[in-house]
Every structure is written in C-alpha cells, then in structure tokens.
2 protein chains.
Amino acid sequence: MSMDAVFRALADPARRQLLDSLHAQNGQTLRQLCEGHSMTRQAVTKHLAILEEANLISTEKSGREKHHYLNPVPIQHIADRWIGKYERAPLRALSSLKRTLEGNEQ
Amino acid sequence: MSMDAVFRALADPARRQLLDSLHAQNGQTLRQLCEGHSMTRQAVTKHLAILEEANLISTEKSGREKHHYLNPVPIQHIADRWIGKYERAPLRALSSLKRTLEGNEQ
DNA sequence: GCTATTTGCAACCTTTTGGTTGCCTATTGC
DNA sequence: GCAATAGGCAACCAAAAGGTTGCAAATAGC
C-alpha cells in the first residue's frame, strides 16, 4: 500500500467523485457508478482500477456484476501519518506571514 | 483555494518532499530547496509554483533571495472537510471484506 | 563599475494521463 | 439456444505533466 499511489489516486476529481459516490452508496456496480458521469464506461473502469491499486476500494464479483466497496483505511493512514506532521506548523507560517504583512522585509 | 489544486499539488512525490523539507526548516531559499534533489533549479521552481498556487506555501522576497514558508492550512482543510467524511465508513467496508473472506460470493 | 550569485522566463521535448472507439467474453433470462 | 446485459481488453489519441536547455534580469559584494 504505497502512499504515493494513494496520493496520485486522490489527485483526479473524477476519482474523488467516485469515492464520494461509493460513500453515499456502497457496493455499487460499474454501471451504477457510470451514471452521473459524462465519460464512458471504459474510462470509469480505468479510474476504478487506479483506486483499487491504491487500495482505496475493494471489489467483489457476483455473477456478471462487479460490486465496489470503499476502503477508507489508506485515507486515514494519510491523515494520521502525513497530514498530522503539519498540524503543529501554522505558528511559524503565521509569524512569517506577520513579517510579510508588517513589511519587515525588502 | 480550490481543493482540487491542493490534491493535485500533493500528488507528486517531489512536491511532498519539498513540503517535508520546508517542514524541517522553514523559510528556505530556492537554492537551499534545490539541494538534495536530482533535478534542475528550474524544475524545482515549477514545483514551488504549483505548491504556491495551491496555497500550500507562501513566499517572501528579500533582496535577490526568495524565501519559502509552509502553509499547512489547506492540508488541515482537506483533513477536516474531506478525509473526515470517510472516518465512519470502515464498518461497512469491513463487513464487505468479511463477506469476501467468508467466500459468500462466487 | 564589474563580476558572481540568485532568480525569472520561454521554448522545447518526452512521458504519463485521461479519454475514446472497437471488439471480445461471460453471464442472465426467456 | 439466443438475445440482452455486464464487464474486460487493447489500440489509439490528445492534452497535460515533468523535466531540460538557454538566456535575461536583478541584486550583492568587491
């Protein structure tokens, strides 16, 4: 579960929208996920493959249908391991912004 | 501050590394940020421009030098507004995983 | 003033990405 | 068995992304 794959998967708005759709209704089939998107089924398939490779969704085949399930674990992983790093930084950023606004530079 | 710009900015490992570098030492100049990277200064400039457009860094010119400061606010914004959405989802994902592992389907 | 240093800008190139079309396979339901 | 439905796979294409080289501009230091 490479973090890079997760970040790249989240970079595309269409893929985030697919996650949103699964968040609203989990276990949707490919056809269902295609509804409300202006792209072809094949394009959606590619997006879903990228999401699955990033472990953001898992799939389950049942007959001729394929169901898709959201897996939020990698997202939480990112929130915990990466985003958490920057939570204590705003103080410094703010003080540098203050310096900027006060015109102490130049 | 479009969320899309933030996600796209975070998608590239070189840019995340630049943020890491600023997190370790805030206020670095372009030259300083180039050290430890195998790409040219101009490539780093482009990455920094993308980070600045996503409001992930702010810059401050002082003489001929340009200092860069980390701005963690958009990252927190993402963590709060988007990642938070998926925090209560694992139960359903887990139950679907359970179904998969139990072999209830094909 | 002159030189070195730091950054900015533009053109260009290559690879990746997002999307399409076309066709094939596998189920379902009658 | 056969038509309809759901999905898989490959080739192809255009646009965007990531990087380079080359040169110009501005500032610092002597």
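Order of the sequence lines fixes the chain letters, A, B, ..., with proteins taken first and strands second; residue numbering starts at 1 for each chain. Only heavy atoms go into these numbers, but all of them, side chains included; no hydrogens, no water, no symmetry mates.
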Out of [options], which has the shortest distance to the side chain of [X]?
X	options	answer
R41(A)	dG8(D), dT7(C), dA17(D)	dG8(D)
R64(A)	dG8(C), dG19(C), dA6(D)	dA6(D)
M39(A)	dT20(C), dG18(C), dT6(C)	dT20(C)
T45(A)	dT20(C), dT20(D), dG8(D)	dG8(D)
K46(B)	dT6(C), dA6(D), dG19(D)	dG19(D)

[X] [atom1] - [N] [atom2] separation (whole Å):
X	N	atom1	atom2	result
R15(B)	dG19(D)	CZ	C1'	12 Å
L48(A)	dT17(C)	CG	C1'	16 Å
Q17(A)	dG19(C)	CD	P	11 Å
D12(B)	dG19(D)	CG	C1'	11 Å
Q28(A)	dG7(D)	CD	C1'	16 Å
E53(A)	dG18(C)	CD	C1'	15 Å
E60(A)	dA6(D)	CD	P	18 Å
K66(B)	dT27(D)	NZ	C1'	15 Å

Does a side-chain N or O of [X] approach OP1 or OP2 of [N] to a distance below 4.0 Å, or not?
X	N	result
R31(B)	dT5(C)	no
H47(B)	dG19(D)	yes
K61(B)	dG8(C)	no
T40(B)	dT20(D)	yes

Heavy-atom nearest nucleotide on DNA chain C taken for Q32(B) and for R8(A); more 5' hit belongs to Q32(B)
key: H67(B) side chain reached by E65(B) side chain, heavy atoms, under 4.5 Å   = yes
Of all heavy-atom pairs linking L51(A) and L18(A), the shortest is CD1-CB, 4.1 Å
Closest heavy-atom pair, L70(A) versus P72(A), reported as atoms and distance to 0.1 Å, is O-CD, 3.7 Å
Sorted by position of nearest nucleotide on DNA chain D, 5' first, the leading residue of Q42(A) and A43(B) is Q42(A)
*asked:* Quick check for you: to the nearest 0.5 Å, what is the distance between I78(A) atom CD1 and I78(B) atom CD1?
replied: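 Answer for the CD1-CD1 pair, I78(A) versus I78(B), is 9.5 Å.
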Q) Could you walk me through whether D20(B) and K85(A) pass the salt bridge (charged side-chain N to carboxylate O under 4.0 Å, His left out) check? A) CA-CA 9 Å; D20(B) 286 347; K85(A) 275 207 302 192; 2.9 Å; yes
